[in-house]
Amino acid sequence: MRLSRYFLPMLRETPKEAEIASHRLMLRAGMIRQEAAGIYSFLPLGLRVLTRICRIIREEQDRAGAIELLMPTIQSADLWRESGRYEAYGKEMLRIKDRHDRDMLYGPTNEEMITAIFRSYVRSYKDLPLNLYHIQWKFRDEVRPRFGLMRGREFLMKDAYSFDLDFAGAKHAYNRMFVAYLRTFARMGLRSIPMVAESGPIGGNLSHEFIILADTGESEVFCHSDYLGFEVPGSDVDFESVKALQAIVDQWTSLYAATSDKHDAATYAKIPAERRLSARGIEVGHIFYFGTKYSAPMKALVAGPDGTERPVHMGSYGIGPSRLVAAIIEAFHDDAGIKWPEPVAPFRAVVLNLKQGAGETDRACEELYAALSARGVETLYHDLDERPGAKFAAADLIGIPWQILVGPRSLAEGKVELKQRSDGTREMLAPADVLARFGAEGV
RNA sequence: CGGAGUGUGGCUCAGCCUGGUAGAGCACCUCGUUCGGGACGAGGGGGUCGCAGGUUCAAAUCCUGCCACUCCGACCA
């Protein structure tokens, strides 16, 4: 992508409403634009990151055996009356009426709808286990939206719903998502810690929040510091193996870890003092087992091997991709801007032409840009007529992992400079060697 | 929902107390000089001062009401 033809409205000054780093940097880097309190447009650069995050989520959901579908944002109130939540959910639910004066709502979550889908097609235990998910916009009319995407009213959510014949099956379904979540966040460069959590309005009695440690996190958390050293399951995990998954979950729940809601000071005090970790965290995922809370009242029944019908056991599993954009920035930034981990970066490389309009640098940049693009390396070419300093600042701000600096100084030696955004390391390389770095073996 | 605060060109803000021709920096357009860490000069365009009432000869400025947004706390992917 040529910057001259892209839409990337960077801000030099920080809009006054932005308090935390991620919000500030997203606005400055031209990723988002606020439309109303807690409601944002994703501008092209922000959308690229969001899309990459969703791609990783999908890959791991699919790997764990979940199946994607797509449910609407608008739901009928009648569905929610069946579960009793239409009244129970409170003012957080945005209630609307259509032209026929029918009660509708903008979905804050989809347990009711997925249960309705399930019950209209599935009758037998032979169709289980089943896990259906979608990635869709949700609306929760928060009293106080804040911190940009961190606590918006409209937000993107991946929500999965599992269906099993009994608790044992449901527990395995829960474990699948548990392990998938560990992998999902790790692939984004994040260290997540599963913590015992309140189940809130979703209900149920088995629930974990996946927390990223960050100073700007909204939750106060307490855990054993050994969690920071645990190994994340590899891509070869056998999601069919009940025993293998249970072993992983057992390990990851073996030590104390709780949010302030569920914090037990006495248990925490038993951890050796040097292993106690008291910090703030960002909730990026939340998983629940809630049994027959919805299937019983909504009559989502399946026949078991003995022929009798029984309500299906369910769980639900949420990840906030839009919140993850912010969480990743909180974890990876410095004073100059964002430092994207490669798997979620909006572009992999940015070519900076330090003397736009000079034949030599223009030619070298064009060649590099064309060659990188041909190799499938997503590259942004900063081809605006700006001074080098402005280009450096812009590149650091938007945080693309690899900067390729092309100026007369290095070009005189037949070289360009490859700078890594994450640690600032620089190397002088011939253009051909830069290309080799981005070859099949990656950088 | 309790408490605090802010609305003035695209952005950051001054002006308001003490009413009298709407300002600055950045950004934008033109020309020139520049060019390895957010350049400089000259010229130019752009704002019914959140909205509605009121007071006054005169309101960005004073008064009343409303709206929007932000921050602190209680609740939440």
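Every chain is numbered from 1 and lettered A, B, ... according to where its sequence line falls, protein lines coming before strand lines.
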[X] has an atom [atom1]; how far is it from atom [atom2] of [N], in whole Å?
{"X": "A:Leu384", "N": "B:A27", "atom1": "CG", "atom2": "C1'", "result": "14 Å"}
{"X": "A:Tyr89", "N": "B:C75", "atom1": "OH", "atom2": "C1'", "result": "12 Å"}
{"X": "A:Glu17", "N": "B:C11", "atom1": "CD", "atom2": "C1'", "result": "10 Å"}
{"X": "A:Leu8", "N": "B:G38", "atom1": "CG", "atom2": "P", "result": "20 Å"}
{"X": "A:Leu27", "N": "B:C11", "atom1": "CG", "atom2": "C1'", "result": "11 Å"}
{"X": "A:Met150", "N": "B:C71", "atom1": "CE", "atom2": "C1'", "result": "16 Å"}
{"X": "A:Arg33", "N": "B:G10", "atom1": "CZ", "atom2": "P", "result": "11 Å"}
{"X": "A:Glu35", "N": "B:C69", "atom1": "CD", "atom2": "C1'", "result": "14 Å"}

Run the salt-bridge test on A:Arg95 and A:Asp103 with the 4.0 Å N-O cut-off and return the result as yes or no.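 Looking at A:Arg95 and A:Asp103, the cut-off is not met.
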Using 4.0 Å as the upper bound for N to carboxylate O, is an ion pair formed by A:Arg85 and A:Glu111? yes
- request: Return the 5'-most residue of the pair A:Ser219, A:Ala394 with respect to RNA chain B, ranking by each residue's nearest nucleotide.
  value: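 By nearest-heavy-atom nucleotide position, the 5'-most residue is A:Ala394.
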Distance between [atom1] atoms of [N] and [M] (Å, rounded):
{"N": "B:C62", "M": "B:C26", "atom1": "P", "value": "30 Å"}
{"N": "B:U56", "M": "B:C63", "atom1": "C1'", "value": "12 Å"}
{"N": "B:C51", "M": "B:U34", "atom1": "C1'", "value": "47 Å"}
{"N": "B:C13", "M": "B:A22", "atom1": "C1'", "value": "14 Å"}
{"N": "B:A60", "M": "B:C16", "atom1": "C1'", "value": "7 Å"}

OP1 or OP2 of [N] versus the side-chain N and O atoms of [X]: is any pair under 4.0 Å?
{"X": "A:Arg146", "N": "B:C69", "answer": "no"}
{"X": "A:Arg12", "N": "B:C11", "answer": "no"}
{"X": "A:Arg409", "N": "B:G36", "answer": "no"}
{"X": "A:Gln34", "N": "B:A68", "answer": "no"}

For this session: Both distances under 3.5 Å, Watson-Crick or G-U wobble: report the partner of B:G7, or none.
Result: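 Per the H-bond distance test, B:C67.
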Aromatic ring pairing [X]/[Y], orientation class (parallel under 30°, perpendicular over 60°, tilted between):
{"X": "A:Tyr289", "Y": "A:His313", "answer": "parallel"}
{"X": "A:Tyr256", "Y": "A:Tyr268", "answer": "tilted"}
{"X": "A:Tyr174", "Y": "A:His208", "answer": "tilted"}

What is the nucleic acid contact for [X], judged by heavy atoms within less than 4.0 Å: base, sugar-phosphate only, or nothing?
{"X": "A:Leu354", "value": "base"}
{"X": "A:Glu19", "value": "sugar-phosphate"}
{"X": "A:Gly90", "value": "nothing"}
{"X": "A:Lys16", "value": "sugar-phosphate"}
{"X": "A:Thr14", "value": "sugar-phosphate"}
{"X": "A:Asp396", "value": "base"}

So which nucleotide from [options] ends up closest to the side chain of [X]?
{"X": "A:Glu13", "options": "B:A39, B:C71, B:C11", "result": "B:C11"}
{"X": "A:Phe392", "options": "B:C69, B:C72, B:G36", "result": "B:G36"}
{"X": "A:Pro408", "options": "B:A77, B:G36, B:G37", "result": "B:G36"}
{"X": "A:Val143", "options": "B:C72, B:G38, B:A74", "result": "B:A74"}

Open item on the list: Between B:A77 and A:Phe155, is there a base-stacking contact, meaning the centre of the base's six-membered ring lies under 5.5 Å from the residue's ring centre while the planes stay under 30° apart?
Closed with: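 Whether judged by distance or by angle, A:Phe155 passes, so it stacks on the base of B:A77.
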| message | Is there, by distance only and without an angle test, a donor paired with an acceptor across the side chain of A:Arg426 and the base of B:G37 below 3.5 Å? | response | yes
Checklist entry - Do the side chain of A:Arg24 and the main chain of A:Glu19 share a donor and acceptor less than 3.5 angstrom apart? => result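 Looks like yes, one N/O pair under 3.5 Å.
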